Amino acid sequence: YPARPETAALKDFTLEIEPGETIAIVGPSGAGKSTIFQLVERFYDPQGGTIRLDGVPLTSADPADIRSRLALVPQDGVLFSANARDNLRYGNWLADDDAIWAAAEQANAANFLRELPQGLDTYLGEGGARLSGGQRQRIAIARAVLRQAPILLLDEATSALDAESERLVQDALDMLMKDRTTIVIAHRLATVRSADRIIVMDQGQIVEEGDHATLSATGGLYSRLASLQFDA
């Protein structure tokens with residue numbers, strides 16, 4: 001990064017993701033997980049190597065075109081000082097109310113939205129202060145539904161939630177991930193056990209790769225991380 005030019009955020013990193021595949025990226029803080037998302041979104045360009053989307057180098061593509069193919073659900077979805085409708089339409093400004101309600105249903109958000117005093121016209125407060133953390137996350141998921149993007153980025157999307165909210169959000173994410181290429185960053189390994197592949201990173205490099213059962217049995221970094229979080 002510009003502030004740390006002497007330290008490579010990623011080193012000897014090679015990863016190919018197939019269409020429709022779900023990839024989980026795990027590892028300790030500073031391993032390079034968030035850097036991958038920032039490169040995919042083209043907030044930065046790599047000093048060496050190439051990132052391709054459908055075979056096209058990102059440096060040859062318009063950033064707006066790249067980002068139109070991405071939907072992001074972050075750890076803490078950003079809400080604006082606006083009503084529920086405009087906060088949801090931030091995923092797709094052309095969406096009508098029918099599309100908004102369909103997305104809300106898929107995101108497990110429709111019930112609480114219907115209970116708001118003025119429905120979709122309800123002002124949500126500064127930063128969505130009138131909603132709980134789980135409700136804010138479900139609005140972030142509904143936005144991602146409305147985008148209808150083929151690539152989904154999930155960045156610690158359930159890590160700040162209580163158990164009940166996490167279940168509702170995870171159920172909504174499972175629906176959203178169907179028929180999409182998904183990259184998941186997670187510290188809580190319970191959320192990535194069903195991934196097609198788990199990429200284990202440490203100090204900017206891939207140190208292990210496989211599914212949950214295989215990696216748990218190897219006695220490596222993933223196994224040590226899992227032993228801290230699971231009884232078994």
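Computed from a prediction, not measured in an experiment: that's the story for all the values here.
- Using modelled atom types, one side-chain atom of Asn108 and one backbone atom of Leu168 make a donor-acceptor pair closer than 3.5 Å.
- Leu10 is listed as a side-chain neighbour of Leu39, based on a closest heavy-atom distance under 4.5 Å.
- Remark: side-chain polar atoms of Gln135 are not paired, donor with acceptor, to backbone N or O of Gly128 under 3.5 angstrom.
- Proximity of a side-chain donor or acceptor of Arg42 to a complementary backbone N or O of Gln38 within less than 3.5 Å is not detected.
- In this structure, Val73 and Leu176 have side chains that are in contact, with non-hydrogen atoms separated by less than 4.5 Å.
- The backbone N or O of Val184 lies less than 3.5 Å from no partner atom in the side chain of Lys33, so there is not a single donor-acceptor pair.
- Going from atom CD of Gln75 over to atom OG of Ser34 covers 9.0 Å, rounded to the nearest 0.5 Å.
- The closest side-chain heavy-atom distance from Leu58 to Arg52 is not below 4.5 Å.
- Of the possible donor and acceptor atoms, one in the side chain of Glu208 sits under 3.5 Å from a partner among the backbone N and O of Tyr222.
- A distance-only check finds no donor-acceptor pair linking the side chain of Arg143 to the backbone of Ile139 [under 3.5 Å].
- A donor-acceptor contact shorter than 3.5 Å is absent between the side chain of Arg89 and the backbone of Ala84.
- One N or O on the side chain of Arg180 and one on the backbone of Ala149 form a donor-acceptor pair closer than 3.5 Å.
- Rounded to the nearest 0.5 angstrom, Trp93 CH2 and Leu146 CG are separated by 11.0 Å.
- Ion pairing between Arg114 and Glu105 holds under the 4.0 Å rule for side-chain N and carboxylate O.
- Side chain of Thr218 to main chain of Leu215: a donor-acceptor pair is present (N/O by atom type, distance under 3.5 Å, no hydrogens or angles).
- Enclosure of atom CG in Asp12 is not indicated, since only 12 or fewer non-hydrogen atoms of other residues, nucleotides or ligands lie within 6.0 angstrom.
- Using a 4.5 Å cut-off on side-chain heavy atoms (C-beta onward), Leu70 and Leu72 make no contact.
- Taking 4.5 Å as the limit, every side-chain heavy atom of Thr182 sits out of range of all side-chain heavy atoms of Ile23.
- Salt bridge status for Arg197 with Glu21: present, with a side-chain N to carboxylate O gap under 4.0 Å.
- One distance of note links CD1 of Ile183 with CG of Leu154; it measures 9.5 Å at 0.5 Å rounding.
- Between the side chain of Ser227 and the main chain of Arg224, a donor-acceptor pair closer than 3.5 Å is present.
- At a threshold of 4.0 Å, the pair Asp54-Arg69 counts as salt-bridged, since one of the basic side-chain nitrogens sits closer than that to a carboxylate oxygen.
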